[in-house]
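This report refers to the structure that appears directly beneath it.
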Amino acid sequence: MAVKPAIPKGTRDFLPEEVAKRTHIFNTIKTAFEKYGFQPIETPSFELSSTLMGKYGDEGDRLIFRILNSGDKLLKADVMALENKELPKFSNSISEKALRYDLTVPFARFVVQHQNELAFPFKRYQIQPVWRADRPQHGRYQEFYQCDADAVGSESLIYEIDFVLLFDEVLSALKIPDFTIKMNNRKILTGIAEVTGESTRIIDLTIALDKLDKIGEEGVINELLIKGISESAIEKMKPLFALTGNNEEKMEVMKTFLISSEVGQKGIEELEFILDNVNDIGLNKAKLEIDFTLARGLNYYTGAIFEVKANGVNMGSICGGGRYDNLTETFGLKNMSGVGISFGADRIYDVLNELQLFPDDSGNNIQVLFVNFGAKEQRRCLKWVQHLRKNGISCELYPSSSKLQKQMKYANDIKAKFVALIGEEEYKNNSIQLKNMETGEQSSVDLNGLLAMIK
RNA sequence: GUGGUUGUAGCUCAGUUGGUUAGAGCACUAGAUUGUGGUUCUAGGGGUCGUCGGUUCGAACCCGAUCUUCCACCCCA
């Protein structure tokens, strides 16, 4: 019985036209990364589970695709753990590998493993798919591409500036009309937690705060109460809910708010340094916005936090990033600060599609299709096709001498720009009937004439 | 992981209070058209009605489970 053709949920096939569009995105990003001095690397699609587990929080662990052990290794299954419903323990006993969940953690592993072969600060970029066992939704897939650039081995805020410029350069080049780069600093979030006296609850605090623009002040307060944050702390946070105005005005308010927090002050300083420099340099299309509620779940960020949103489209963030000081430490290498960003290629694709911003000409179509009239004509066509190819023209010969109508229809379907006909007459006098498929015009030329017309 | 939603031909969708051989358009193949495509006409092939189970004399239709689609949460690109 025939197997019903289907692909797993959250995955997609890409037709030639779609691949062309995606390639355009990848190339734009790649070109920019290289212009800023990043070098390409690749890492395996799957890593040891121990490399990935525990790096993304409990929520993240749940979303990591595990790879089932093969063959006899399955005999090691910890049946007791299963009976006791200790699922993580059981999973580990039947799976020792997992598909990568992002590119940052594998990169941290890579840096530690190859530290003697790398020149620091090391700047790499990486464009590869990642996998998440998430429930598919608008702009959310189980397999999608991340385009990451990271710089490790330096605490210099110059990189943060570069990354803001990179966001602006790439998204402007992709012709996204209106987008906002949101920026925050983990040290400021730490400061807020300190000032409100809830230092130990920083995660709950920031997650709730992150939802301010979505559920409003009351919603956040509600969530904080549910999480068990004290009312006095919430009272102290109230000024933050009302933060408005431009970046400078927000910074002023925050400076006062964090006056008693050393870490917080440091965060302000960093943010101000980046902001000043970027303002000085100037941006193309990006709006740069300070957003103190921005938390970017990934709990490994320690400094700058970035998020980019396309405006006027219903789509989550299309890029993210930030600085992480301790990521290589879990692999045994201390004092290796890194900062990086990630472009969500698939969401960018969806945004460009929704806004109909892809150029019309997909461009990669064949230039000339040679019609096949039979054995002796075919023999000459094969020779001439190869001659044209040597001259840089994409062309092909129809594989069989089917009815002319059918061959013309095929030419039409594959959007060939020209059709070359060499039948009995043309064969005799070494000519070609060349038909322009757009205009319908047709003329008799020789091989050189064809070259001249097409080039 | 929580809540809702969807599934009939390759694609987009009709369909009968549960009752014989389940339809259309597009696509495909062939012909009208013996050297000319995107228009038209004619004919043809193609479906165990997502899957498994239950109720019933009888299920595409009712019930349950499961998978899938899309959406909102959670979280994130």
Side-chain angles (χ1 to χ4, degrees), chain A residues 1-13 15 25 29 56-64 87 101-104 127-148 167 203 206-208 210-211 214-215 219 223 294-299 306-310 314-321 340-351 369 371-374 377 398 401-427 432-442 444:
Chain A
M1 178 172 125
V3 174
K4 186 161 185 147
I7 54 174
K9 69 174 172 191
T11 64
R12 297 149 297 159
D13 284 326
L15 297 173
I25 295 175
I29 293 172
Y56 310 101
D58 291 344
E59 198 64 29
D61 279 359
R62 205 194 62 186
L63 299 178
I64 292 174
L87 292 185
Y101 176 89
D102 71 355
L103 300 177
T104 308
I127 298 178
Q128 290 189 279
V130 302
W131 294 268
R132 295 186 187 177
D134 211 345
R135 246 198 229 187
Q137 238 182 86
H138 185 58
R140 172 177 298 194
Y141 307 99
Q142 292 207 340
E143 178 185 59
F144 60 98
Y145 268 79
Q146 287 196 329
C147 312
D148 276 31
F167 280 139
I203 302 274
T206 53
I207 286 178
D210 194 35
K211 294 176 189 161
K214 205 168 185 176
I215 59 180
E223 177 140 347
L294 180 63
R296 285 294 79 202
L298 289 186
N299 37 26
F306 302 112
E307 177 176 281
V308 183
K309 289 204 67 166
N314 173 28
M315 180 65 66
S317 55
I318 54 175
C319 309
I341 59 171
S342 180
F343 288 85
D346 296 86
R347 284 189 178 176
I348 291 173
Y349 178 96
D350 289 345
V351 168
L369 177 81
V371 170
N372 193 327
F373 279 89
E377 292 90 348
Y398 194 83
S401 55
S402 309
K403 274 177 48 173
L404 182 53
Q405 193 178 40
K406 185 172 173 173
Q407 300 194 44
M408 290 303 289
K409 186 166 157 32
Y410 181 71
N412 202 51
D413 287 345
I414 63 171
K415 298 191 176 74
K417 295 190 182 69
F418 291 91
V419 168
L421 298 110
I422 301 170
E424 186 125 28
E425 275 303 302
E426 291 80 10
Y427 183 83
I432 302 167
Q433 279 289 327
L434 186 67
K435 176 167 180 144
N436 182 319
M437 291 299 279
E438 261 171 54
T439 62
E441 284 166 19
Q442 191 168 324
S444 179

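Lettering follows sequence order; numbering is per chain, from 1. The figures that follow rest on heavy atoms only: side chains count, while hydrogens, waters and symmetry mates do not.
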Students often get this wrong, so: under 4.0 angstrom with heavy atoms, is [X] touching a base, only sugar-phosphate, or nothing?
X       : answer
G139(A) : base
Q407(A) : nothing
G374(A) : nothing
L404(A) : base
Q137(A) : base
S342(A) : nothing
K435(A) : base
I348(A) : nothing
G316(A) : nothing
C319(A) : sugar-phosphate
E426(A) : base
G60(A)  : nothing
K211(A) : sugar-phosphate
Y141(A) : base

Distance between [atom1] atoms of [N] and [M] (Å, rounded):
N      : M      : atom1 : result
G3(B)  : C61(B) : C1'   : 27 Å
C49(B) : C62(B) : C1'   : 16 Å
C11(B) : G53(B) : C1'   : 31 Å
U51(B) : A22(B) : P     : 16 Å
C28(B) : G45(B) : C1'   : 9 Å

Measure [atom1]/[X] against [atom2]/[N] and give the value in whole Å, please.
X       : N      : atom1 : atom2 : value
I64(A)  : A77(B) : CD1   : P     : 13 Å
E59(A)  : C76(B) : CD    : P     : 8 Å
K9(A)   : C67(B) : NZ    : C1'   : 9 Å
D413(A) : C26(B) : CG    : P     : 16 Å
N412(A) : C28(B) : CG    : P     : 11 Å
K214(A) : C75(B) : NZ    : C1'   : 9 Å
W131(A) : C76(B) : CH2   : C1'   : 17 Å
M437(A) : U36(B) : CE    : P     : 13 Å

Original post:
Of L63(A) and G423(A), whose nearest nucleotide on RNA chain B comes first from the 5' end?
Top reply: G423(A)
Original post:
On RNA chain B, nearest-nucleotide positions of T11(A) versus Q146(A): which is more 5'?
Top reply: T11(A)
**OP:** Test for a donor-acceptor pair under 3.5 Å between the base of A77(B) and the side chain of R140(A), counting only N and O atoms.
**Re:** no
Original post:
Would you say the side chain of R135(A) and the base of U2(B) hold a donor-acceptor pair, judged only by whether the two atoms sit under 3.5 Å apart?
Top reply: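 Result: at least one qualifying N/O pair found.
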Just N and O in the side chain of [X]: are any of them under 4.0 Å from OP1 or OP2 of [N]?
X       : N      : value
K415(A) : G38(B) : no
K403(A) : G31(B) : yes
K409(A) : C28(B) : yes

[X] side chain to [Y] backbone, donor-acceptor under 3.5 Å:
X       : Y       : result
Q142(A) : P136(A) : no
R132(A) : Y141(A) : no
R347(A) : G139(A) : yes
R12(A)  : E143(A) : yes

Original post:
Which base, if any, makes a Watson-Crick or G-U wobble pair with C62(B), both distances under 3.5 Å?
Top reply: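 With both distances under 3.5 Å, C62(B) matches G54(B).
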Nearest of [options] to any side-chain atom of [X]?
X       : options                : result
I207(A) : G35(B), A77(B), C75(B) : C75(B)
Q405(A) : C76(B), G37(B), C75(B) : G37(B)
H138(A) : U36(B), A72(B), C76(B) : A72(B)

Original post:
For the rings on F343(A) and Y145(A), is their centre-to-centre separation under 6.0 Å?
Top reply: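 No - the distance between ring centres of F343(A) and Y145(A) does not fall below the 6.0 Å cut-off.
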Subject >> D58(A) vs R62(A), salt bridge (Lys or Arg N to Asp or Glu O under 4.0 Å): CA-CA, chis, key distance, verdict >> reply: CA-CA 6 Å; D58(A) 291 344; R62(A) 205 194 62 186; over 6 Å; no
Original post:
Can F373(A) be said to stack with the base of G35(B), given centres closer than 5.5 angstrom and planes under 30 degrees apart?
Top reply: no
Original post:
How long is the span from the CD atom in Q442(A) to the CD1 atom in I432(A), to the nearest 0.5 Å?
Top reply: 12.0 Å
Original post:
Do N372(A) and S401(A) meet the criterion of a side-chain donor-acceptor pair at a distance under 3.5 Å?
Top reply: no
